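Structure first, commentary second.
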There are 2 protein chains.
Amino acid sequence: MIQDTKQRIVDTAIAVFNDDQSAPLEKVAEKALVTRRTLHRYFKDRSELLTACSKDIRKRCSEAMAAALDNPGDSLSRLEQLLYAAIDCGAKYAFFHKLHNSDTHDHHSTNDDCAAYEAMYRRFLQFVVHLQDQAIVSKHVTAEWVYCFFSGVVNTAVKADHAGAVAKMNQKQFAWFSFSRGIGI
Amino acid sequence: MIQDTKQRIVDTAIAVFNDDQSAPLEKVAEKALVTRRTLHRYFKDRSELLTACSKDIRKRCSEAMAAALDNPGDSLSRLEQLLYAAIDCGAKYAFFHKLHNSDTHDHHSTNDDCAAYEAMYRRFLQFVVHLQDQAIVSKHVTAEWVYCFFSGVVNTAVKADHAGAVAKMNQKQFAWFSFSRGIGI
DNA sequence: CCCCAATGTCACATTTCTGAGAAATTAATC
DNA sequence: GATTAATTTCTCAGAAATGTGACATTGGGG
C-alpha cells in the first residue's frame, strides 16, 4: 500500500513533467490523488522526486527495451517488439528521451541513469547498423536518424492514443506500419 | 528596431514555452537577450505574451502551410512542400500543434487562433483523404493517423536538427523519406 | 475495541516568480 | 553635442510555489 502511493506519485510525476517540466508539485499531487503534504512525505523536495522518476524510468524503460532486443527470433521481429515495448512504456519512454537530450542536461557516464540511457542508445545504433548491413533497413538514412525517428514514432503513437486520435487497437499497428516503411523496410 | 525586440521576444518565448510551458519569464528574457523588465514593457503579463505567441504562430505557420497547399503542381509534390514548410516553421509548428492539443486547452471555433488551427487541420485531413482516393496514400492508415504522423515527423526533424543528430543538408531529405514511405507512398 | 500506519488538514516561514515605478544608461537621430 | 527612444538597473510589493511542523482523521489488523 505504501509502495502503491509512492509508485503512483512517480508515475504521475513522469506524465506531468513530461508534459511540463516546471509544473507545480500541486499539479502532480492532484493528479496522483494525494495532498502535496503526502507527496513531500515520500519525496523531500522536487529534485528528489525528479531523481526517483529518472530511476524508475531507467528501470522500467531500459529493461523493457533490453528485453525486446534480447528476444529470440529474427532481427525484424525484434525491431517490431522493440517498438511495441517503447510504446508500452508510454510517457516513460518519452521522458527518458527528453531528460537525456535536454539542453540543460549535462551528461555524465558515471551517473547510472545516464549510463543506462547511453547503453540503450548505443545498442540501438548498433542494432540498426546491423540491420542495414543485412539490407533490411535502408542505407539512405543514418542510424542516428533512425533512432530519432523511432523516438518520434513512439511519441506520436503515445500522443495519438492519449488524444483519442486513433483507436486503441490500431495504435501499434499504425506505428509499426509507418516506422517500418519509414526506414525503408 | 522596436519591432525587432518584440519579435525576438515572441520567437524566443515560443521556443522556450514549447519546451517548458511553465518556464519563468526570466528564462525567456535571458534567452531573448533582454531584461525581464523590458519584456514586461512589451507584454503586460504572461498571458498577453502567450496570446502574442499564439497569434504569431497562427500567422506564420498557418500561412506557410496554406501556401504550400495552394501550390501549383501535383498532389504529391504539394505534400512534400507542406512537410518542408512545417519543418521550416520549426518550434512554431510544434507549439501550434501542442497549444491546440493540450489537455487544458478548451477549443472555441470563435477564437481566431483556434479557427485557424481547425481550418488547417481540416484541410490537411481532406487533402489526405484525396490522396488516399488517388491511391497515393495507403488506406491501411486513417487520415487522423497521417496527421499525427506528419506532426511527429516534423517534430523529429526539428529536434534532430537542434540536437545535431543529423546534418542540416539531410534533415528534410530524411524527413520526407520517412514520412512519404511511412504513409505508404 | 484499540492501535497504528497512511493520509489529510491547517498554519507557517521561506523562496521564487511576477508585475510595475523611477531613475540611470545607452544608442541612434537630427 | 543635444534630444529622444529604447533599454537597463534597482527597487519593491504582492502572488504563487515550496517545504515543514503539529495535530486530526481514517481504515484496516491484532
Side-chain angles (χ1 to χ4, degrees), chain A residues 1-57 59-60 91 94-95 98-99 102-106 113, chain B residues 1-57 59-60 91 94-95 98-99 102-106 113:
Chain A
M1 168 125 332
I2 166 168
Q3 288 308 331
D4 237 37
T5 303
K6 192 169 185 177
Q7 187 61 49
R8 194 172 66 245
I9 293 173
V10 169
D11 289 342
T12 309
I14 290 170
V16 170
F17 290 150
N18 181 44
D19 192 77
D20 180 6
Q21 293 179 236
S22 305
L25 297 179
E26 186 80 55
K27 193 170 171 183
V28 176
E30 252 176 44
K31 293 212 177 193
L33 304 176
V34 294
T35 319
R36 194 164 55 87
R37 190 65 190 83
T38 300
L39 186 152
H40 274 113
R41 281 207 185 85
Y42 289 103
F43 307 98
K44 195 174 79 59
D45 57 23
R46 190 184 192 86
S47 89
E48 196 173 300
L49 175 57
L50 244 317
T51 305
C53 290
S54 196
K55 283 211 184 316
D56 184 74
I57 284 169
K59 182 164 173 50
R60 309 210 164 220
F95 202 45
K98 193 179 280 189
L99 268 180
S102 88
D103 293 334
T104 55
H105 176 70
D106 56 332
D113 298 325
Chain B
M1 168 121 338
I2 165 168
Q3 288 308 331
D4 236 39
T5 302
K6 193 168 184 179
Q7 186 61 50
R8 194 172 66 245
I9 293 173
V10 168
D11 289 342
T12 309
I14 290 170
V16 170
F17 290 150
N18 182 43
D19 193 77
D20 179 4
Q21 294 178 234
S22 305
L25 297 179
E26 187 81 53
K27 195 169 170 183
V28 177
E30 250 177 45
K31 293 214 178 192
L33 304 175
V34 292
T35 317
R36 191 165 56 85
R37 193 63 191 80
T38 300
L39 186 153
H40 275 297
R41 284 178 55 254
Y42 288 104
F43 306 99
K44 196 174 77 60
D45 57 23
R46 190 187 192 84
S47 89
E48 197 174 299
L49 175 57
L50 244 318
T51 304
C53 290
S54 196
K55 283 211 185 315
D56 184 73
I57 284 168
K59 180 163 175 49
R60 310 207 163 222
F95 201 44
K98 194 179 280 187
L99 268 181
S102 88
D103 293 334
T104 54
H105 176 70
D106 54 334
D113 298 325

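Order of the sequence lines sets the chain letters (A, B, ...), proteins ahead of strands, with each chain counted from 1. Owing to the predicted nature of the structure, the values given are computational and were not obtained by experimental measurement.
One interatomic measurement links the two molecules: CD of B/E30 to C1' of D/dT7, which rounds to 17 Å at whole-angstrom precision. Atom pair A/K44:NZ and C/dT14:P shows a separation of 16 Å (rounding to whole Å applied). Rounded to an integer number of Å, the gap from CG of B/L39 to P of D/dA6 is 16 Å. In this structure, B/Y42 atom OH and C/dT18 atom P are separated by 20 Å, rounded to whole Å. Distance CD (A/E26) to P (C/dT9): 11 Å, rounded to an integer number of Å. Between A/I9 atom CD1 and C/dT7 atom C1' the separation is 10 Å, expressed in whole Å. One interatomic measurement links the two molecules: NZ of A/K6 to C1' of C/dA5, which rounds to 16 Å at whole-angstrom precision. Distance, B/K27 NZ to C/dT16 C1': 15 Å, rounded to whole Å.
Atom NZ in A/K6 sits 13.5 Å away from atom OG1 in A/T38 (nearest 0.5 Å). From B/D11, atom CG reaches atom CZ of B/R8 across 9.5 Å, with rounding to the nearest 0.5 Å.
Taking for each of A/R37 and B/A23 the nucleotide of DNA chain C with the nearest heavy atom, the 5'-most of the two is the partner of A/R37.
In this structure, A/F17 and A/L99 have side chains that are not in contact, with every pair of non-hydrogen atoms separated by 4.5 Å or more. Looking only at side-chain heavy atoms (C-beta outward), B/Q7 and B/D56 come within less than 4.5 Å of each other. Between A/V10 and A/K55 there is no side-chain heavy-atom pair separated by less than 4.5 Å. Considering only heavy atoms from C-beta on, A/K44 stays 4.5 Å or farther from A/L49 through its side chain.
The side chain of B/R46 lies closest to C/dG19 when the candidates are C/dG8, D/dA17, C/dG19. For A/L25, counting side-chain heavy atoms from C-beta on, the closest listed nucleotide (C/dT9, C/dA6, D/dG19) is D/dG19. Between C/dC17, D/dT8, D/dT20, one nucleotide has an atom nearer to the side chain of B/T38 than all others, and that is D/dT8.
Formation of a donor-acceptor pair under 3.5 Å by the B/K98 side chain with backbone atoms of B/N18 is found in this model. With hydrogens and angles ignored, the 3.5 Å screen pairs no side-chain donor or acceptor of B/R36 with any backbone N or O of B/A29.
Within the nucleic acid shown, A/L49 has no heavy atom closer than 4.0 Å to any nucleic acid atom. Contact annotation for B/L33: backbone-only contact, meaning every heavy-atom pair under 4.0 Å involves sugar-phosphate atoms and none involves a base. Counting any heavy atom pair closer than 4.0 Å across all strands shown, A/R41 reaches a base atom. Here B/R36 lies in heavy-atom contact (under 4.0 Å) with a base.
Remark: A/H40 is not in phosphate contact with D/dT20, judged by side-chain N or O atoms under 4.0 Å from OP1 or OP2. Put simply, B/T5 has no side-chain N or O that comes within less than 4.0 Å of OP1 or OP2 on D/dA6.
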Here DNA chain C, pairs taken as Watson-Crick or G-U under 3.5 Å and shown with ( ), [ ] when crossing and | when to another strand, reads ||||||||||||||||||||||||||||||
